[in-house]
There are 2 protein chains.
Amino acid sequence: MDESGELSIGDVVAATGLGVHALRFFEREGLFPREIARTAGGRRVYTRADVEWLLLCNRFRASGMPLATLRAFVDLVRAGPGNEPERLALLREHESAVRARIAELDACLEIIQHKVATYESHVQAGTAASLWNP
Amino acid sequence: MDESGELSIGDVVAATGLGVHALRFFEREGLFPREIARTAGGRRVYTRADVEWLLLCNRFRASGMPLATLRAFVDLVRAGPGNEPERLALLREHESAVRARIAELDACLEIIQHKVATYESHVQAGTAASLWNP
DNA sequence: GCTTGACCTAGAGTCGGCTCTAGTTCCTAC
DNA sequence: GTAGGAACTAGAGCCGACTCTAGGTCAAGC
């Protein structure tokens with residue numbers, strides 16, 4: 001790393017938590033909105049904007065967005081200005097997918113809590129032996 | 001299906017949403033707390049308790065529990081009465097994993113919403129062209 | 001000029017969780 | 001007794017998303 005904002009792959013690994021393999025994989029898969037520059041010796045030179053992008057990607061990924069969807073978004077960005085409504089639609093779709101997932105998890109959580117409560121009271125009462133042994 | 005509560009694999013597919021392949025796979029992997037009986041001709045005979053179990057499994061799975069964890073739980077059940085505290089611990093652990101996942105998704109959702117809001121206002125203002133084109 | 005360590009490529013391997021294939025058998029109805 | 005569908009087995013294949021391997025190259029320090 002230097003003061004000019006140019007970052008090596010190692011810097012980006014440290015900044016994003018992604019591995020070197022993952023970063024190279026992302027590049028091969030066209031998951032960067034811009035081309036990653038190279039040094040004369042062929043090494044990747046990232047910028048802070050790339051790191052910003054990767055951090056956003058991390059959020060998208062952590063919220064269950066598949067790489068294919070990420071790629072679709074990147075493709076829109078790479079296509080340049082003019083398709084913002086499409087990007088917005090994609091984001092909204094993901095937003096509602098995440099909401100749905102949270103709702104599903106909430107529903108599951110309720111069942112699990114019920115199961116936990118059942119085990120708790122039976123274990124406390126010493127009657128646990130009857131669970132799953134009807 | 002008959003009135004005795006004995007179910008064919010097809011019945012179980014209909015009742016649980018799992019596929020025949022998945023059911024056989026589950027059995028091979030030891031994911032049933034009891035052995036599945038067979039007819040004289042070698043066909044699987046399930047009971048309503050098996051279906052109950054599978055529906056619970058579906059919830060566990062939908063909440064992100066890996067098969068390995070499910071297997072650990074099944075192993076405890078198969079080991080018979082006496083280890084209920086361990087089962088409870090496993091369930092509690094999963095419960096907190098689910099809570100953590102929900103919290104993570106909530107955090108991501110916030111970022112996504114922010115992104116959506118940004119795009120919304122820019123698209124409305126007709127200034128979208130500047131997004132991702134600094 | 002040589003070591004060291006970070007970096008490069010293309011491509012193979014891994015892992016979880018199914019899903020499908022191929023070939024066979026069972027069973028119900030005509 | 002045969003057609004048809006549902007079921008059986010063992011094992012291969014697939015998908016997503018990396019992760020690792022093999023065999024180099026590059027660049028800084030001694």
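Note: hydrogens, waters and symmetry copies are ignored here, and every other heavy atom, side chains too, is used. Convention: sequence-line order gives letters A, B, ...; per-chain numbering from 1.
For A:Asn83, the side-chain hydrogen bond (donor to acceptor under 3.5 Å, both in side chains) partners two or more places apart in sequence, or in a different chain, are A:Arg87. Checked against side-chain hydrogen bond (donor to acceptor under 3.5 Å, both in side chains), B:Arg101 has the following partners two or more places apart in sequence or in another chain: B:Glu104. Take B:Arg99 and apply the salt bridge (charged side-chain N to carboxylate O under 4.0 Å, His left out) test, not counting sequence neighbours, and it matches B:Glu95. Judged as a side-chain hydrogen bond (donor to acceptor under 3.5 Å, both in side chains), and not counting sequence neighbours, B:Arg61 has no contacts. Applying the side-chain contact (heavy atoms from CB on, under 4.5 Å) rule to B:Thr39 yields the partners B:Arg43, B:Val45; only residues at least two apart in sequence or on another chain are considered. A:Arg92 is linked by a side-chain hydrogen bond (donor to acceptor under 3.5 Å, both in side chains) to B:Glu120, counting only residues two or more places apart in sequence or in another chain.
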Scan the side chains in residues 23-30 of chain A for donor-acceptor partners under 3.5 Å anywhere in the protein, sequence neighbours excluded, and list what turns up.
unit_1, atom_1, unit_2, atom_2, d
A:Glu27, OE1, A:Arg44, NE, 2.5
A:Glu27, OE2, A:Arg38, NH2, 3.2
A:Glu29, OE1, A:Arg71, NH1, 3.0

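One can place CG of B:Leu54 at 15 Å from C1' of C:dC18, the figure rounded to the nearest angstrom. Spacing between atom OH of B:Tyr46 and atom C1' of D:dA7 amounts to 11 Å, rounded to whole angstrom units. Rounded to whole angstrom, the span from the CZ atom of B:Arg38 across to the P atom of C:dT25 amounts to 16 Å. Across the protein-nucleic acid pair, B:Leu23 atom CG and C:dT19 atom C1' stand 13 Å apart, rounded to whole Å. A straight line from CD of B:Glu27 to P of C:dC18 spans 15 Å, rounded to a whole angstrom. Separating the CD1 atom of B:Ile9 from the P atom of C:dT19 is a distance of 13 Å, rounded to the nearest angstrom. The CG-P distance, from A:Leu31 to D:dA17, rounds to 10 Å in whole Å. Computed from coordinates, the B:Phe26 CZ to D:dT9 P distance equals 17 Å when rounded to whole Å.
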Report, as a single string ordered 5' to 3', how protein heavy atoms within less than 4.0 Å touch nucleotides 19-30 of chain D: B base, S sugar-phosphate only, - not at all. BBB---BBS---
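The shortest side-chain heavy-atom distance between A:Cys108 and B:Val98 does not fall under the 4.5 Å cut-off.
Residues B:Arg48 and B:Gly5 approach most closely at NH1-CA, 3.7 Å, considering heavy atoms.
Remark: B:Arg44 is not in phosphate contact with D:dA7, judged by side-chain N or O atoms under 4.0 Å from OP1 or OP2. For D:dA7, one of the phosphate oxygens OP1 or OP2 lies less than 4.0 angstrom from a side-chain nitrogen or oxygen of B:Ser8.
DNA chain D is contacted by no residue of residues 59-70 of chain B, taking any non-hydrogen atom closer than 4.0 Å.
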